[in-house]
Amino acid sequence: MNTMSGYLQRSGSSRSNSVVSKPFSSMDPDINHSSTPLRLFVDAKKKVNNIYNEMATHVDESTSFIKGVPEDLGVVSADVNTKIETFAAQVEGIREVLARDHMKVAFFGRTSNGKSTVVNAMLRDKVLPSGIGHTTDCFLSVEGSETDEAYLQIQDSSERMSIKSVGQLAHALHSERIANHQNTIVHIFWPKSRCHLLQNDVILLDSPGIDVEPNLDEWIDKHCMDADVFVLVSNAESTLMRTEKSFFHKVSERLSKPNIFILNNRWDASAGEEYSEAVKQQHMERDVKFLVEELKVITEQEAEDRVFFVSAKEALITRTPKAPSTPDSSGPLAEGYQARLFAFENFERQFEECISHTAVKTKFEQHAKKGMQIVSCVQGMLDEVHNTASTKRSSCIEKRKDQHDRLEYITQQLKVLSTECKDKIKETAELGETKVSAAMTDEIRKLSTLVDQFDKSFHSDPLVIKIYKEELQKHLESGLGRNLDQRCSGEVMKAVDVVQTEMTDNMSALLPDEVRSNIGGMQLRRRFDLSYRLDCQHLFSDFRENVDFQFSLGLTSLMNRFLGPKGTTAAMLGFANVIPRPMPPAGLPPAAAATNQDELAVAVMTGLASLTSKTSVGLTLVIGIVWKAVGWRLLAVSGSLYGLVYVYERLTWTNRAKERAFKKQFVSYASEKLQLLVNFTSSNLSHQIQQELSGTYARLCMEIETTKDNLHKEIVALEDESQKLDSIMAKSKVLRNKAGWLDNELARFMEKYIKEE
């Protein structure tokens, strides 16, 4: 129950000379209200706004950070990008709501119950129109103005109007009242310096009588959903009416346990009444029952502190400032007015505590919880980004180390394998060279067999011999190449293939799997055939055959037999040296040189003639000696036999014999010429083998060098990626820590302003 012990001792019990001794009031605007319960809401609002400002900055920084993370790093998912944008919009929306949040108290009641007078008493000035009958014809919202100027604005209009016009616009009996009046709201901006309620973000909402508007649901939906406290202003001269109860039942249906105060206004009418205390007790019981049993919004003990018996008119009179020379026209106050003033002030104190606690909870609790949820989600996203970046960085560093080790391993192994490959290439080339050299030497020894296999028809005609010789050269070249290929190519090619396979296997082990599989499936070398091209046509171009008949027992034949062709030629040229001839002087023209050659030919012929003459003389001497020694019969027999042999040989000198002589001469000549090509041919084959194997080796080295370049590029890319991930980790850690700090700030806010209350 409301108590006023001690207070009445400070106040007189009567009013004399129409002057009211104004009691001390904690609600005076000139008193410092830093300890007023309303400061709880103001401080909480300031704190939560500061937190949300930090949150907005943090979410913007986090959004920019997450958007700036390169997609190719795979650190941020598309879902995170979408969510962070949603959070940024939510934070901005809550900030806008917080900027508008205020404590709102709505006054309802039947017509002429004194709702406007209660508001005026709380404002300490007659701001709203009041009087008997239906006065307020629209909703009046009294808000604080930062300036000393009081003004009003009509709903959906930005035009500032004089505060004096409120009496015309809101008065139900005035001709200039607002059209479509009862659901329209007029915003009255009253200087905050003249009312401490307005200084602390309190909005007072006055309403028309709830008994003049049937559409109460629209009122509730439009004006009551954001109210923190409802004040039911009833007439103490009667009891609670069904209309009043019905309205607040509707409010209770839409709002969970609304905060309701009941002011039994006009209690000054009970002054001097015999049963005033009984009536007061009756009103109290009915009001408590309505709040506790019907609405079920508070307990019975709490309900007794929500019911007050006041006189708003007396409170307004005592609070309205008056000039000293202004006569008091309000008349004397009724007996016991001090108790009613105390009750009004007690209502204001209870109202301030209730609205501040309720507003903090209703206005900021959900925002604080939503903020904690947003901060937690953002922190979770940043933690996910940090952990993902950390995992990828560790993997990146490990992979970079593996790639660096692999690069060093490939470099070292390439040096070792290069030495081995070069040795094998050299060994294989030397093997091929030795093989071909031996095979070709053997084939030269068997050259007569190959020549005998040539079965083209032969004739001593020079034209036919020329064609025969060309065909024989082709046959010899083809046969030698074929024989060398059969004897050497298989073994040499096998050795080349073995070396190529070994090089490929050893060096491809240094390549990545995907490159290795490609190398295994492709032909590393072109079609490789060993070439034994001898070019016999040019090699034997200076061959000169002699198919003329030569007696086997003739002097030349005997000299060839014993001295050989070169010895015979040298011996015959030696006879020409006995004839002196001048040496051609230096610098002679070609014609003079040709003349000297002719002289040499004449000298040779002269030597031969001299030799023949000497031979004839010698032969005559020999015959004479033999004649003397053996007799003419033996000499005749010998001469006959010599002649028979000559005739036999002359008769058997056929084309077949000429062909045999030609082939014999050709074999002798070709063997000598081909012997000169053994080293060349074997060296040429060795070069082919070396070129082929070196080409394979070069292609493998090129693949390995490409792999090394790719590894180096990958190491550089991994280093760059690692640095980027380091930067992401550092930034995400800072933002994550800030999110943790914001979460702690919101938790402290909840602990300080909401949970304790």
Side-chain angles (χ1 to χ4, degrees), residues 62-82 84 380-425 499-526 693-736:
S62 300
T63 302
S64 301
F65 163 69
I66 290 176
K67 291 289 185 183
V69 174
E71 294 182 3
D72 56 346
L73 294 179
V75 175
V76 179
S77 63
D79 184 53
V80 171
N81 278 314
T82 304
I84 197 70
M381 291 179 186
L382 294 170
D383 194 53
E384 178 185 349
V385 170
H386 183 274
N387 292 338
T388 304
S390 178
T391 302
K392 287 185 174 292
R393 178 179 174 275
S394 299
S395 175
C396 185
I397 292 175
E398 186 67 24
K399 188 175 181 182
R400 183 184 63 188
K401 183 179 180 301
D402 292 342
Q403 299 297 66
H404 188 271
D405 293 343
R406 179 169 177 77
L407 180 60
E408 289 185 351
Y409 173 78
I410 290 175
T411 302
Q412 295 298 327
Q413 286 297 110
L414 183 60
K415 292 180 181 179
V416 175
L417 291 177
S418 296
T419 303
E420 293 180 359
C421 290
K422 290 176 182 178
D423 292 341
K424 289 181 180 179
I425 291 172
V499 173
Q500 279 187 326
T501 302
E502 289 180 357
M503 286 194 303
T504 302
D505 292 342
N506 293 337
M507 299 186 74
S508 62
L510 304 178
L511 300 173
D513 294 338
E514 59 275 9
V515 179
R516 190 184 311 164
S517 61
N518 292 335
I519 288 179
M522 72 177 185
Q523 186 72 19
L524 275 179
R525 59 181 179 85
R526 64 186 185 281
L693 293 177
S694 297
T696 302
Y697 168 74
R699 285 189 288 273
L700 289 170
C701 285
M702 185 173 64
E703 291 290 341
I704 293 176
E705 289 298 328
T706 301
T707 300
K708 288 173 62 179
D709 291 341
N710 292 338
L711 283 173
H712 181 70
K713 292 178 181 177
E714 189 172 353
I715 289 172
V716 173
L718 289 171
E719 178 66 27
D720 181 62
E721 182 178 350
S722 178
Q723 292 178 358
K724 290 180 180 178
L725 291 171
D726 277 337
S727 177
I728 291 172
M729 288 176 60
K731 184 64 175 177
S732 62
K733 185 176 181 180
V734 171
L735 292 173
R736 184 185 62 181

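Everything quoted here is computed from the prediction, not taken from an experiment.
- At a threshold of 4.0 Å, the pair Lys713-Asp709 does not count as salt-bridged, since none of the basic side-chain nitrogens sits closer than that to a carboxylate oxygen.
- With contacts defined as side-chain heavy-atom distances shorter than 4.5 Å, the pair Gln413/Ile704 does not qualify.
- Lys399 has its side chain within reach of Gln403: a pair of non-hydrogen atoms, C-beta onward, lies under 4.5 Å apart.
- Taking a 6.0 Å sphere around NZ of Lys67, one finds it holds more than 12 heavy atoms contributed by other residues, nucleotides or ligands.
- Across every non-hydrogen atom of Val385 and Ser732, the tightest pair is CG1-CB, 4.4 Å.
- Here CG of Leu718 is found 13.0 Å from CZ of Arg393. Values are rounded to the nearest 0.5 Å.
- Residue Lys392 comes nearest to Val75 through the heavy atom pair CD-CG2, 4.0 Å, listed as atom of the first residue, atom of the second, then distance.
- Glu705 places a side-chain heavy atom less than 4.5 Å from the side chain of Leu414.
- Between the side chain of Thr706 and the main chain of Met702, a donor-acceptor pair closer than 3.5 Å is present.
- Environment of NZ in Lys708: crowded, with over 12 heavy atoms of neighbouring residues, nucleotides or ligands closer than 6.0 Å.
- Closest heavy-atom contact between Ala389 and Ile728: CB-CG2, 4.0 Å.
- In summary, Arg406 and Asp402 do not engage in a salt bridge, as defined by a charged side-chain N under 4.0 Å from a carboxylate O.
- Residues Glu384 and Thr388 have side chains in contact (heavy-atom distance under 4.5 Å, counting atoms from C-beta outward).
- Remark: Gln723 engages Glu719 in a side-chain hydrogen bond (donor to acceptor under 3.5 Å, both in side chains) (not counting sequence neighbours).
- The side-chain heavy atoms of Glu721 and Asp72, taken from C-beta on, include no pair separated by under 4.5 Å.
- Two residues are said to be in side-chain contact when any heavy atoms from C-beta on lie closer than 4.5 Å; Leu510 and Leu417 meet this criterion.
- In this structure, the separation between CZ on Arg699 and CD on Gln500 is 7.5 Å, given to the nearest 0.5 Å.
- To the nearest 0.5 Å, atom CG of residue Leu700 and atom OG1 of residue Thr504 are 4.5 Å apart.
- Between Asp505 and Glu502, the closest side-chain pair of non-hydrogen atoms is not below 4.5 Å.
- In this structure, CD1 on Ile84 lies 10.5 Å from CZ on Phe65, to the nearest 0.5 angstrom.
- The two residues Leu382 and Ser62 make their nearest non-hydrogen contact at CD1-OG, 3.9 Å.
- Here OG of Ser390 is found 10.5 Å from CG of Asp383. Values are rounded to the nearest 0.5 Å.
- For Lys731, there are no side-chain hydrogen bond (donor to acceptor under 3.5 Å, both in side chains) partners two or more places apart in sequence or in a different chain.
- Annotation: the span from His404 atom NE2 to His712 atom NE2 amounts to 9.5 Å, rounded to 0.5 Å.
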